[in-house]
Amino acid sequence: MRILITAGPTREYLDDVRYLSNASSGRMGYALAADAVAKGHEVVLVTGAVDITPPNGCDVRSVQTTDEMRNACEAAFPECDGVIAAAAVCDYKPLHRVTGKIAKTGGPITIEMIETDDVLAGLGRQKRNRWIVGFALEASNSRENALQKLRAKNCDVVVLNDPSAIGSLTNSVELIDATGQPIESWKGTKEKVAQALICWIEKHLSPRN
Ligand code: CTP
């Protein structure tokens with residue numbers, strides 16, 4: 001199959017030198033890309049800025065902002081059989097990006113933030129005969145929230161994990177289907193969890209026809 005994988009954090013710039021982001025290492029998405037390539041799949045890896053090297057054999061599209069990630073994904077998705085959205089996408093961005101550098105004022109400042117576009121929901125709207133595997137990072141009401149995201153983003157399944165996954169070498173996940181129930185659970189290094197997820201996808205999700 002040809003698989004689109006998103007990985008790493010996005011950045012939202014306040015000015016030309018400062019940004020808001022998160023602590024995502026990109027390891028989960030990169031482990032998925034490595035295992036998918038090892039199993040003979042073609043991988044388009046749309047990645048935010050991370051400190052690790054992309055696996056050999058991927059078509060790597062590097063992005064920084066959520067808008068760039070959305071554009072790269074929307075360009076790649078039509079030629080893919082499915083997407084695995086492991087990226088930790090910023091939910092908000094500053095309403096205005098200042099050209100140059102914001103100077104100190106001597107007092108507090110307020111930055112007005114607006115929601116970013118939801119990259120995965122956008123792919124969900126153009127899904128057709130493709131499959132979609134989302135991630136859900138939940139601190140509470142986890143399965144209910146994961147099911148809501150599955151529906152809102154038109155996913156086949158959602159990989160549910162918790163905030164301890166961010167920046168970690170390991171992960172503990174449940175795979176939630178459209179009934180809201182966990183149909184699999186995997187724990188261990190991100191490489192091990194990635195191998196289990198790619199195996200599951202090969203067994204249960206089909207190439208587009
Ligand atoms: N996602 C995305 N674009 C966004 C936000 C999230 O593509 N702007 C994707 C993530 O890559 C993940 C899924 O949507 O596959 C769920 O991300 P998560 O951060 O758990 O949830 P949010 O939809 O951002 O909702 P909230 O932060 O309110 O829990």
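The first residue of the sequence shown is numbered 1, and numbering continues consecutively from there. Just so you know, ligand 1 is whichever comes first in the structure, and atom 1 is the first atom listed for that ligand. As the structure is a prediction and not an experimental result, all values here were calculated from the model.
- For residues 178-209, the ring pair (Phe, Tyr, Trp, His ring centres under 6.0 Å) pairs, not counting sequence neighbours, are Trp200-His204.
- Scanning for side chain to side chain contact (heavy atoms under 4.5 Å, CB included) contacts around Asp67 gives Thr65, Arg70, Lys93, Asp117, with sequence neighbours left out.
- Residues Val157 and Ile176 are not in side-chain contact: their nearest non-hydrogen atoms beyond the backbone lie 4.5 Å or more apart.
- The other members of the hydrophobic cluster of Tyr13, by chain and number, are Tyr19 (side-chain heavy atoms under 4.5 Å, ILVMFWY only).
- A donor-acceptor pair under 3.5 Å links the side-chain atoms of His41 to the main chain of Met1, judged by distance alone.
- Residues lining ligand 1 at a heavy-atom distance below 4.0 Å are given as Ala85, Ala87, Val89, Cys90, Asp91, Thr116, Asp117, Asp118, Val119, Leu120, Gly134, Phe135, Ala136, Leu137, Lys149, Lys153, ordered by chain and residue number.
- Side-chain atoms of Thr116 and Thr66 include no donor-acceptor pair closer than 3.5 Å.
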